[in-house]
Amino acid sequence: MAITYELIKRCSKTGARAGRIHTPHGVFDTPIFMPVGTQATVKAMSPDELKAMGAGIILSNTYHLYLRPGHDLVAEAGGLHKFMQWDRAILTDSGGFQVFSLGPLRKITEDGVTFRSHIDGSKHFLSPEKATEVQMALGADIIMAFDECVPYPAEHEYARQSTERTTRWAERCRKAHTRKDQALFGIVQGGMYKDLRTMSARDLVSLDFPGYAIGGLSVGEPKPLMYEMLEHTVPLLPQNKPRYLMGVGTPDCLLEGVMYGIDMFDCVFPTRVARNGTVMTNKGRLVVKNAEFARDFRPIDPDCNCYTCRNFSRAYIRHLLKTEEIFGLRLTTTHNLHFLVNFMKEMRQSILDERFLEFREEFWAYYHK
Ligand code: GUN
Ligand code: ZN
């Protein structure tokens, strides 16, 4: 087994659980938020800084690394861990989601997807076998099956055909996957249709993957609909394996996801908005670039003990962002990632202490969007 999931504690009132995942590159506690490092770097952060804030696993992207610098080059460098000097765990997404985001630049058949590079327009083909080959060359600890993220909204008939194909693709990925030191996760699709989510989960579970992701959510649907899908889908997945909700990373969705029994999350949101001058706190978002902070000499979040909040004021960070100084992006990114890593830690502790619902109530009392 490349990875093992250890279930440590289940909340007696909700689906929430605290666990631990063992990988060839170390152990991390769940629930966890995975910072996104699309191009083999978490934008603006060094590996040492990520470690200092407690990140145990990061995510990278097959699609981007396949196009640039190429998976063969990464393999030649000794694999992704060595190439980017990150010795903790890595998960790579399969490229399915990124390719499907290209819109008119791609064409889907049973065999795979033909697409044009967003960089130079060159023509490429990704299939379950190719995506698996690329991910084996990159060498992440956890790799993802090649799937189609059903768009929102989608007709039932389209969602059914797409979801059935994703399951056939998952089986092909499993056949193509031969690295014993990597875990291949299946991805549940099904759009916003419970019958299709049931079918997808059942078929993937019968293929016996070491972990399961829930895809096709947070794609523009209202949040209550996403929660309904989670409440329906998570109980269909095995208790003794990790569950990963793809593309979710705002505090409210992380909290509700954990309540339904999700263990792993990733999202570009915290790092992307940080570079636009938006920071996260347990009271909601703060646009630190705004004029109201020009003479505000308090830290972003007085309760936060990240490097940024221990040393710098809102006024100073605003000044850096206004003058487009690179250090400003580093400070806001540091805070947002520290905030989410710490938020998950506190949530986990509340599960261990049997006070998850109290934690949730307190969160909602202070949080505004
Ligand atoms: N990232 C966010 N959603 C998805 C999804 O449905 N599939 C994949 N592969 N990645 C995602
Ligand atoms: Zn901070």
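Each ligand, and each atom within it, is numbered from 1 in the order the structure gives.
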field: Check: H156 main-chain N/O paired with Y193 side-chain donor or acceptor under 3.5 Å
entry: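 Yes; at least one donor-acceptor contact below 3.5 Å.
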- request: Without swapping roles, check the side chain of R314 against the backbone of D296 for a donor-acceptor pair under 3.5 Å.
  value: no
- prompt: Under 30°, 30 to 60°, or over 60°: which ring-plane class applies to Y367 and W364, parallel, tilted or perpendicular?
  reply: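 Perpendicular, since the angle between the ring planes exceeds 60°.
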If you measure from the Lys or Arg side-chain nitrogens to the Asp or Glu carboxylate oxygens, is any gap between [X] and [Y] under 4.0 Å?
X    : Y    : result
D87  : K51  : yes
E110 : R168 : yes
K9   : E354 : yes

message: Under 4.0 Å, counting heavy atoms only: does S94 come that close to any atom of ligand 1?
response: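 Contact present.
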query: Among the heavy atoms of Q189, does any lie under 4.0 Å from an atom of ligand 1?
result: yes
Atoms of ligand 1, numbered as shown, that sit under 4.0 Å from any heavy atom of [X]:
X    : value
G216 : 5 (C), 6 (O)
I187 : 9 (N)
G215 : 5 (C), 6 (O)

message: We want to know whether H124 and Y66 form a side-chain donor-acceptor pair, criterion being a heavy-atom distance below 3.5 angstrom.
response: yes
- line: atom 10 (N) of ligand 1 has as its nearest protein heavy atom D93 OD2, 2.6 Å
message: Among V36, V150, D147, which one puts a heavy atom closest to atom 5 (C) of ligand 1?
response: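 Ranked by closest heavy atom to atom 5 (C) of ligand 1, first place is D147.
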- request: Give the single entry among F97, F185, Y63 that approaches atom 4 (C) of ligand 1 most closely by any heavy atom.
  value: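 Nearest heavy atom to atom 4 (C) of ligand 1 lies in F97.
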task: Please state whether the separation between the Zn ion (ligand 2) and some N/O/S atom of H335 is under 2.8 Å?
output: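 A backbone or side-chain N, O or S atom of H335 is under 2.8 Å from the Zn ion (ligand 2).
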